[in-house]
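Small disclaimer: the values here were computed from a predicted structure and weren't measured. These numbers come from the heavy atoms of this one structure, side chains and all, not from hydrogens, waters or symmetry mates. Chain letters run A, B, ... following the sequence lines, proteins first, then strands; residues in each count from 1.
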There are 2 protein chains.
Amino acid sequence: MDPSFPRPLVMVDTALFTILDERLCLLLTQRKEPPFERKLALPGGFVHVDEDADTEAAARRVVCGKIGFDAPYLEQLFTFSGATRDPRGWSVSVAYYALIPASLLDRSQTAEAFPVEALPALPFDHDRIVAKAIERLRGKATYSSLPAFLLPATFTMNELHRIYEQTIGVRLDKASFRHKILEQGIIDPVPSQFRIGAHRPAQLYRLANRVLTAFERKI
Amino acid sequence: MDPSFPRPLVMVDTALFTILDERLCLLLTQRKEPPFERKLALPGGFVHVDEDADTEAAARRVVCGKIGFDAPYLEQLFTFSGATRDPRGWSVSVAYYALIPASLLDRSQTAEAFPVEALPALPFDHDRIVAKAIERLRGKATYSSLPAFLLPATFTMNELHRIYEQTIGVRLDKASFRHKILEQGIIDPVPSQFRIGAHRPAQLYRLANRVLTAFERKI
DNA sequence: CATTGTTAATTGTTATTAACAATCAAGCGC
DNA sequence: GCGCTTGATTGTTAATAACAATTAACAATG
């Protein structure tokens, strides 16, 4: 390899979204090493040139290390760089964000979830990463099936409705929402399966399997 | 700096869009060094940790080296990585795309412009970068003022209309287009300035200066 | 100097779509 | 059965977009 000028640190950082108590939350980790040892931060790590196929593989590795399984939805967010973002010097961080249904998390994991409006101060440039991740999530939620990935495999129409309202942050008409979602075919009803409770049973739905491909045509 | 594992090559590659003869084109460069010496490729280069503030600065440097001035619109696209994209080994490329009015280019520069439907075979993973850049441009064109950056500082409504049709690739109603564009306030008429020709003079418009900020709320 | 051609800009009409409000349906507890 | 709560649907109105046609403004032409 020819170029002899200094090569920067290359890392990945991940913004892991979930919804707890009807609030959009981020999973943070207590850092085990300096710099910022013991501080809460976004899960991240260095890219291992020998074992990671690419930065997405590195991100998946980091996410698995945090939650113990593969995230249902993971997408590259933005690449942050510069001399000031890390005290160790000029670095590059390829940031990813992921959506994780709360139902897949156990207690020890949800204990480290913080509502996005009440995050602790974050080290490095993690505030910028978080801001960008929320921006992207909100933006995409309006025209895609993204928020559905915050729900378990099956869900009711009203649960989906609430999730959309929470991620976008605006009120949505029930009837119109229903129409649009069903028209776009991003979810299918699960035949003769209902959520039973104290009231009228609600039809259960699941993501149509072509959703991810249809979605990736965007952006 | 502690981590002792191998650090990858970090570079930037840029997809420079312009419109020539009503066709969306990309500016390519003949490579001056191996690998792929003399082949046409996307303009790119290594990130200089010492002189580039961040990858965006590196991208601006590359773009200036190609066209001789700063691009009116430049945006980070995606970060590509892996062991196979460059024969020199595992590498990271932060890709950017830019929009450049053809009127700012001179003859020697337009000579290296190729319509996106008739590109030569590109080295590295530049095909993927180009595909992603077109995808992004098309996607954003539908809900933003992006295509206006392919025009000179002032332009007529019909010129803007045509640019939108070309970048999105679908026919747009004249009257509806007019309404929407003016309603969104992304352009302003230039008082008492008209494009004169063999026919009825056309009102000239320019981008409203708040466009970029309004636009960046998206994505 | 009217006629014609060409592009600019506007208007009106119709069809779609979304927003709003109300109603109907289905279970449970009492 | 009756009221309560949540699910699901319907209908009506308002806002938007699509389509078609018209008017406006000039230059070139004979």
Round to the nearest Å and state the distance from [X] atom [atom1] to [N] atom [atom2].
X        : N      : atom1 : atom2 : answer
B:Ile187 : C:dA9  : CD1   : C1'   : 13 Å
A:Arg195 : D:dT5  : CZ    : C1'   : 16 Å
A:Phe155 : D:dA8  : CZ    : P     : 13 Å
A:Asn158 : C:dA26 : CG    : C1'   : 14 Å
A:Lys174 : C:dA22 : NZ    : C1'   : 11 Å
A:Arg178 : D:dT10 : CZ    : P     : 10 Å
A:Leu182 : D:dG7  : CG    : P     : 15 Å

Open item on the list: Measuring from atom OG1 of A:Thr14 to atom CG of A:Leu42, what distance do you get when rounded to the nearest 0.5 angstrom?
Closed with: 6.5 Å
Open item on the list: If I take atom CD1 from residue B:Ile181 and atom OH from residue B:Tyr164, how far apart are they, to the nearest 0.5 angstrom?
Closed with: 4.0 Å
Open item on the list: Under a plain distance cut-off of 3.5 Å, with no hydrogens placed, do A:Asn158 and A:Thr156 share a side-chain donor-acceptor pair?
Closed with: no
Open item on the list: Do B:Gln109 and B:Leu104 have side chains that approach each other closer than 4.5 Å (heavy atoms only, starting at C-beta)?
Closed with: no
Open item on the list: Taking the side chain as everything from C-beta on, heavy atoms only, tell me whether A:Phe69 gets closer than 4.5 Å to A:Leu105.
Closed with: yes
What nitrogen or oxygen pairs link the protein and nucleotides 16-18 of chain D at under 3.5 Å?
unit_1 : atom_1 : unit_2   : atom_2 : d
D:dA18 : N7     : B:Ser176 : OG     : 3.4

- [ ] Look at the side chain of A:Gln203 and the backbone N and O of A:Val190, then say whether any donor-acceptor pair between them is shorter than 3.5 Å.
- [x] yes
Task: Nearest-nucleotide pick for A:Met157, side chain only, options being C:dT10, D:dA8, C:dA9 - done: D:dA8
Task: Aromatic ring pairing A:Phe177/A:His161, orientation class (parallel under 30°, perpendicular over 60°, tilted between) - done: tilted
- [ ] Check the angle between the aromatic planes of A:Tyr73 and A:Phe149 and answer parallel, tilted or perpendicular using the 30° and 60° thresholds.
- [x] tilted
- [ ] Nearest-nucleotide wise, let me know which of B:Ala175 and B:Glu159 is further upstream toward the 5' end of DNA chain C.
- [x] B:Glu159
- [ ] Go along nucleotides 23-29 of chain D 5' to 3' and tag each nucleotide: B for a protein heavy atom under 4.0 Å from its base, S when only backbone or sugar atoms are that close, - otherwise.
- [x] -BBBS--
Task: ring-ring contact (aromatic ring centres under 6.0 Å, His included) partners for B:Phe80, two or more places apart - done: B:Phe78
